[in-house]
Structures are given as C-alpha cells and as structure tokens.
Amino acid sequence: MNLLLSVEGVRVNYRTERGEITAVRNVSFYVDKGDILGIVGESGSGKSTLAYSVLNYIKPPGKIISGSVKLEGVGDLLKLGKEDVRKVLWKEIAIVPQATQNSMNPTMDVKDHFIDTMAAHGQNDKQKILETANRLLEEVKLDPQIVLSAYPHQLSGGMKQRVLIALSLVFEPKLLILDEPTSALDVVNQRLIMDLLKALHQKMGISIIFITHDIQLIKGFANKVLILYAGKAMELGDVNEVWNTPLNPYTIALLKSIPTLHGDVNSVSGIPGSMPDPYAEITGCPFASRCKFAKPVCFEKDPDFLEYKPGHFSACHFSKDIGDNYG
Ligand SMILES: Nc1ncnc2c1ncn2[C@@H]1O[C@H](COP(=O)(O)OP(=O)(O)OP(=O)(O)O)[C@@H](O)[C@H]1O
Ligand SMILES: [Mg+2]
C-alpha cells in the first residue's frame with residue numbers, strides 16, 4: 001500500500017461572538033507516499049485550519065466537529081489524546097507554519113532553536129543536536145558557521161524560511177506540511193525555496209503538503225492538487241489531469257485567471273464576486289453565486305465530493321457534463 005495519510009469528512013467550526021463559522025466543510029483528501037500535494041485556495045478558504053486539523057491541533061474557539069485523519073502506522077489522529085498527538089508531531093508529521101516572521105523566538109539564536117526543539121522531544125545529546133543542525137542547514141543551502149549563532153532579526157525572510165524547514169526535518173518526519181512558505185518572499189527566494197523542497201523530496205523521500213493561494217506555483221512542482229473554496233474541497237487529482245481536464249467550475253475559473261507568457265492578455269479573467277460571508281448559512285454549493293454554470297439545484301443542494309475518474313474527485317452537480325465537454 002502506498003497510502004500515507006487519509007483525511008475523511010473533516011469539519012471544523014469556530015465559535016465567535018458573532019456566531020459560528022464553518023471553516024472546513026467535510027473535507028476529504030489523501031496523500032500517497034512520495035506525493036507532493038498542493039492545497040490551493042483564496043484567503044479565508046480554510047487552508048491553515050485544514051492543515052492544523054490534520055495534526056489534531058485546533059485551538060479554541062475552533063473545534064473539530066467530525067471526520068478522521070488516518071496516518072499509516074499510527075491510526076486516527078483525531079482519536080488521540082494531546083500527549084499522543086505531541087509524539088506524532090515532528091516525528092511523523094512536521095509543519096512549517098504560516099507567517100514565518102513570528103515563528104522564531106527573537107531572544108534565541110538558531111543553535112538554541114535546534115536544542116530547544118530536539119530537547120522537547122527527548123533528544124538532549126548536544127553533540128548529536130549540533131551534528132543534525134549542521135547537516136540540515138547545509139541541506140537547505142545555509143552556512144552553519146554563520147547561521148547557527150545568528151538571531152532571527154539577523155536573517156532575511158528567505159533565510160528564516162530555510163532555517164524553519166531545516167528545523168522541521170530534525171526527526172525525519174514522513175510528511176512535511178508547509179503553510180504558504182513562499183508568500184512573504186520575492187520571486188527569487190520563492191524559486192529557491194521550491195527548488196530546495198524538490199531536492200529534499202527527492203533525496204529524503206519525504207511527502208509534502210504545500211499550501212498556497214497561488215495556483216501558478218503548483219504546476220511543475222506538485223504531482224497532486226486539492227482545490228479549496230470557502231472551506232469546501234472542490235477538486236482533487238493529478239496536477240496535469242486537473243489542468244487539462246478540470247471537472248469543477250471553480251477550478252476552471254482559477255485556471256483562466258492565470259496569465260501565460262505567450263497567451264492573449266484578454267483571455268485572462270478574474271473571478272467576479274467574492275467568497276460568501278463566513279457567518280451566512282450556505283445552502284447549496286458555496287460557489288453557486290459566482291458560477292457561470294449554476295442552475296437552480298446548485299442553490300438548493302450542496303454537491304458531494306465524488307470520484308469521477310480514478311483519483312480525480314470533484315464537488316459539482318455538473319462535473320460529469322463538464323468532463324465530457326471540456327476542451
Ligand atoms: N481563531 C479564529 N477564530 C475565528 N475564526 C477564525 C479563526 N481562525 C480562522 N478563522 C476563520 O476561519 C476561516 C478559515 O481561515 P483560515 O485561516 O484557515 O484560512 P486560510 O485559507 O488559511 O487563509 P489565509 O490565506 O489568509 O491564510 C476564515 O473565515 C477565518 O476568518
Ligand atoms: Mg492560512
């Protein structure tokens with residue numbers, strides 16, 4: 001079996017003073033060993049919430065309402081207690097959180113970050129820790145001589161991101177989740193991080209979940225893609241298949257919004273309208289009001305996420321017609 005992670009029907013709500021928000025709506029997806037899965041969605045579509053629910057690490061006012069997250073060799077992470085989840089974190093699955101700028105302690109140098117992280121999981125042998133830190137910093141193309149004694153404010157955004165990636169690998173996790181690792185970076189550093197991840201993926205055989213709001217970063221990098229909209233999984237499949245024969249109107253609209261180097265500028269279009277108010281109760285498909293294929297049924301019934309072709313899933317009442325006619 002090649003299956004590493006299987007996420008089924010995960011629903012996460014936030015209870016706020018204004019009311020309850022459903023941030024993740026019955027999302028299902030899976031990661032095979034060796035996959036690079038890109039998770040794409042607009043701001044507020046639930047990407048970070050989904051990432052943390054995979055780790056059973058949702059803090060109040062958030063709550064995982066239902067679903068399962070089965071990790072090969074471990075079982076359902078959503079059934080584990082806090083202590084057992086902590087054991088899985090870093091050793092089985094590691095996450096590089098969004099907003100790098102704040103995810104390092106400004107009073108600790110890089111060496112202390114390695115010591116702190118490894119000691120928290122039972123590794124106290126300083127020599128071993130330093131060996132690991134040296135090796136991993138070189139792996140992310142940083143000079144340990146310079147970087148180990150540096151404080152976060154002495155590092156550029158791109159360097160900090162690379163330190164965080166090195167830190168996430170200290171226990172050789174099977175799965176690495178990166179939440180918008182390139183959004184705060186310029187194009188050159190963006191490329192550098194992505195090339196680096198690709199090299200680590202090949203060398204270490206690690207599986208990767210790469211979260212981004214920018215669908216352009218996915219092609220040529222990930223082999224699978226999951227498209228989220230307003231907390232709902234809209235489409236999941238092999239990247240080339242989703243690009244060539246998308247089954248979901250939201251994906252089609254997203255792909256149309258990508259400018260190409262040689263394409264006609266006039267054929268590039270934004271998606272009119274905006275995401276639904278998270279406090280409003282949605283009956284039907286959350287994309288219906290912006291969808292040019294929408295019919296009355298779309299406003300009445302939320303479409304199920306179904307497998308239309310092997311490994312290719314979509315949530316749309318008209319995916320079959322779209323699949324038959326697209327292109
Ligand atoms: N702590 C919280 N309390 C209340 N609502 C929250 C909280 N965290 C997230 N939300 C809401 O949940 C929804 C999903 O948020 P989330 O941060 O997961 O989206 P995202 O896709 O990661 O967005 P971004 O691209 O901006 O990082 C949003 O409507 C957001 O306002
Ligand atoms: Mg986020």
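Heavy-atom basis, side chains included; hydrogens, waters and symmetry copies ignored. Just so we're clear, the structure is a prediction, and the values are computed from it rather than from any experiment. Whatever order the structure lists them in is the order used to number ligands and atoms, beginning at 1.
Taking every non-hydrogen atom of Pro61 and a distance limit under 4.0 Å, the qualifying atoms of ligand 1 come out as 3 (N). Heavy-atom contacts of Glu42 reach the following atoms of ligand 1: 21 (O) (cutoff under 4.0 Å). For ligand 1, the atoms lying closer than 4.0 Å to a non-hydrogen atom of Thr16 are 4 (C). Each of the atoms 25 (O) of ligand 1 lies under 4.0 Å from some heavy atom of Glu180. Residue Ala23 has at least one heavy-atom neighbour below 4.0 Å for each of these atoms of ligand 1: 12 (O), 13 (C), 14 (C).
For the pair Leu77 and Ile93, the minimum side-chain heavy-atom distance is below 4.5 Å. Within the 4.5 Å cutoff, the side chain of Val96 has heavy atoms near those of the Gln161 side chain.
Of the residues listed (Phe29, Phe305, Tyr308), the one engaging Phe313 in a ring-ring contact (aromatic ring centres under 6.0 Å, His included) is Phe305, and it is the only one. Considering Leu164, Val163, Ile95 in turn, Leu164 is the only one that fulfils the side chain to side chain contact (heavy atoms under 4.5 Å, CB included) rule with Ser103.
Electrostatic pairing of Asp302 and Arg25 does not count as a salt bridge here, judged by no charged N lying under 4.0 Å from a carboxylate O. The pair Lys87-Asp84 counts as a salt bridge, with a side-chain nitrogen and a carboxylate oxygen less than 4.0 angstrom apart. One finds no salt bridge joining Lys128 and Glu131 here, because no Lys/Arg side-chain nitrogen approaches an Asp/Glu carboxylate oxygen to under 4.0 Å.
Ligand 1 has no atom lying under 4.0 Å from any heavy atom of Lys59. A heavy-atom separation below 4.0 Å is not found between Gly62 and ligand 1. At least one heavy atom of Gln98 sits closer than 4.0 Å to an atom of ligand 1. Heavy atoms of Ser45 approach ligand 1 to within less than 4.0 angstrom.
Side-chain N/O atoms of Asp76 and Ser68 include no donor and acceptor closer than 3.5 Å. A side-chain donor-acceptor contact under 3.5 Å links Tyr250 and Glu42.
Ser28 places a side-chain N or O within donor-acceptor distance of the main-chain N or O of Gly9, the cut-off being under 3.5 Å. For Asn248 (side chain) and Met234 (main-chain N/O), a donor-acceptor pair under 3.5 Å exists by modelled atom type.
For residues 129-149, no pair satisfies ring pair (Phe, Tyr, Trp, His ring centres under 6.0 Å), with sequence neighbours left out. Residues in residues 211-230 take part in these side-chain hydrogen bond (donor to acceptor under 3.5 Å, both in side chains) pairs, two or more places apart or across chains: Asp35-Asn223, Asp35-Lys224, Glu180-His213, Tyr229-Arg290.
Of all protein heavy atoms, the one lying nearest to atom 19 (O) of ligand 1 is Gly46 N, 3.2 Å. For atom 25 (O) of ligand 1, the nearest protein heavy atom (residue, atom name, distance) is Lys47 NZ, 2.7 Å. Scanning all protein heavy atoms for the shortest distance to atom 24 (P) of ligand 1 gives Ser43 OG, 3.6 Å. In terms of protein heavy-atom proximity, atom 9 (C) of ligand 1 is nearest to Tyr14 CE1, 3.4 Å. Among all non-hydrogen protein atoms, the one lying nearest atom 31 (O) of ligand 1 is Ile21 CD1, 4.6 Å.
Of all the listed residues (Ser48, Gly41, Gly44), Ser48 holds the heavy atom that lies closest to atom 22 (O) of ligand 1. Nearest residue to atom 18 (O) of ligand 1 from Asp179, Leu50, Leu228, Thr49 is Thr49 (criterion: closest heavy atom).
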Run the side-chain donor-acceptor check on residues 165-173: report pairs under 3.5 Å with partners two or more places apart or on a different chain.
unit_1	atom_1	unit_2	atom_2	d
Ser168	OG	Ile165	O	2.6

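Protein N/O/S atoms closer than 2.8 Å to the Mg ion (ligand 2), listed by chain and residue number, are Ser48 OG, Gln98 OE1.
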